[in-house]
Protein chains: 2
Amino acid sequence: MVTNQLNGTFDETDLRRADSLAREVFSDVANKWALLIIEALGDDTRRFTELRQEVEGISHKMLTQNLRMLERNGLVERTVHPTVPPRVDYTLTEAGLALRKTVDWMCDWTHRYFTHIETSRSRFDAR
Amino acid sequence: MVTNQLNGTFDETDLRRADSLAREVFSDVANKWALLIIEALGDDTRRFTELRQEVEGISHKMLTQNLRMLERNGLVERTVHPTVPPRVDYTLTEAGLALRKTVDWMCDWTHRYFTHIETSRSRFDAR
DNA sequence: CCGTATCCGTCTGGATACTG
DNA sequence: CAGTATCCAGACGGATACGG
């Protein structure tokens, strides 16, 4: 489980609280769109429509939904400019940036094991 | 996008192939159950039923499904012992172990930003 | 013990239309 | 431009049963 990384600075109930939260956040964040959005945000500030273009194949609905979720968990900051037409900027918070590092590593991994994956797939599919 | 990590040792078509594969693998792997299974496997060898217990809440079906997927992508090795009753062992491959490191980091992250996330959530939910 | 197949409700997620 | 609401097809995922 996700809790075997916990160090022992909490008491019993805190531990259980941390546990269930960790599990919740993990379920929230460990999904395709969320991670792709985080990756797309990078170090910059992005507008809604920019993100929509950069995260290929994402629908309007999924984008708002995931952005709300990321905002709720404190990974993304949303700033609304009261102009006409409205302009909304999204930026990664410090926590978001930290998580992005791990997403970067996942991307690295994908490319490092590119060949391995490809051959393993065709070997598997050959049955 | 996931491709901005590519270094230039491929030609045009290879690049596009690597791109779409990366995207595919990313979609496969970036899901709750897959990551929890990888985390549960750890450095050891696990049997089907052991995994079923360790990954809390996973159903029989989801476990087999994800294990097949991980096997196909070369993250998990499956060895069948021809005994009665049958015994099947699952182990992370080198690629799997490498990916597990990033999952570990994600878990670390969850705990490091525990407080931040919690306060951000209650702040958000207060509206 | 491990795996596959089937059934069937639930939820996801896309398309569309409408507000500020 | 950004966001919300509604509708609905199709995928997901759990329960169950059966086979090796």
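Quick note on labels: first sequence line is chain A, next is B, and so on, each numbered from 1.
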Inset, instruction - Using a cut-off of 6.0 Å, state whether more than 12 heavy atoms not belonging to A/E94 lie near its atom CD. - result: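 Result for CD/A/E94: open.
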For [X] and [N], give me the distance from atom [atom1] to atom [atom2], rounded to whole Å.
X: B/I58; N: C/dG3; atom1: CD1; atom2: P; value: 13 Å
X: A/R127; N: C/dG3; atom1: CZ; atom2: P; value: 13 Å
X: B/W33; N: D/dG14; atom1: CH2; atom2: C1'; value: 11 Å
X: A/L63; N: C/dT12; atom1: CG; atom2: P; value: 17 Å
X: B/N31; N: D/dC12; atom1: CG; atom2: C1'; value: 11 Å
X: A/E56; N: C/dG14; atom1: CD; atom2: C1'; value: 17 Å

Legend entry - Under 4.0 Å protein heavy-atom contacts per nucleotide of nucleotides 3-11 of chain D, with B for base, S for backbone only and - for none: BB--B----
Inset, instruction - Name the closest nucleotide to the B/M62 side chain, picking from C/dC1, C/dG14, D/dG14. - result: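 From the listed options, D/dG14 comes nearest.
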Inset, instruction - State the CG-OG1 distance between A/D104 and B/T102, to the nearest 0.5 angstrom. - result: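 It comes to 11.0 Å.
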Inset, instruction - For the pair A/W109 and A/Y113, name the ring-plane relationship: parallel under 30°, tilted 30 to 60°, perpendicular over 60°. - result: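 The arrangement is tilted - the two ring planes meet at 30° to 60°.
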Basic-acidic side-chain contact under 4.0 Å: [X], [Y]:
X: B/D28; Y: A/K32; value: no
X: B/R127; Y: B/D125; value: no
X: B/R100; Y: B/D43; value: yes

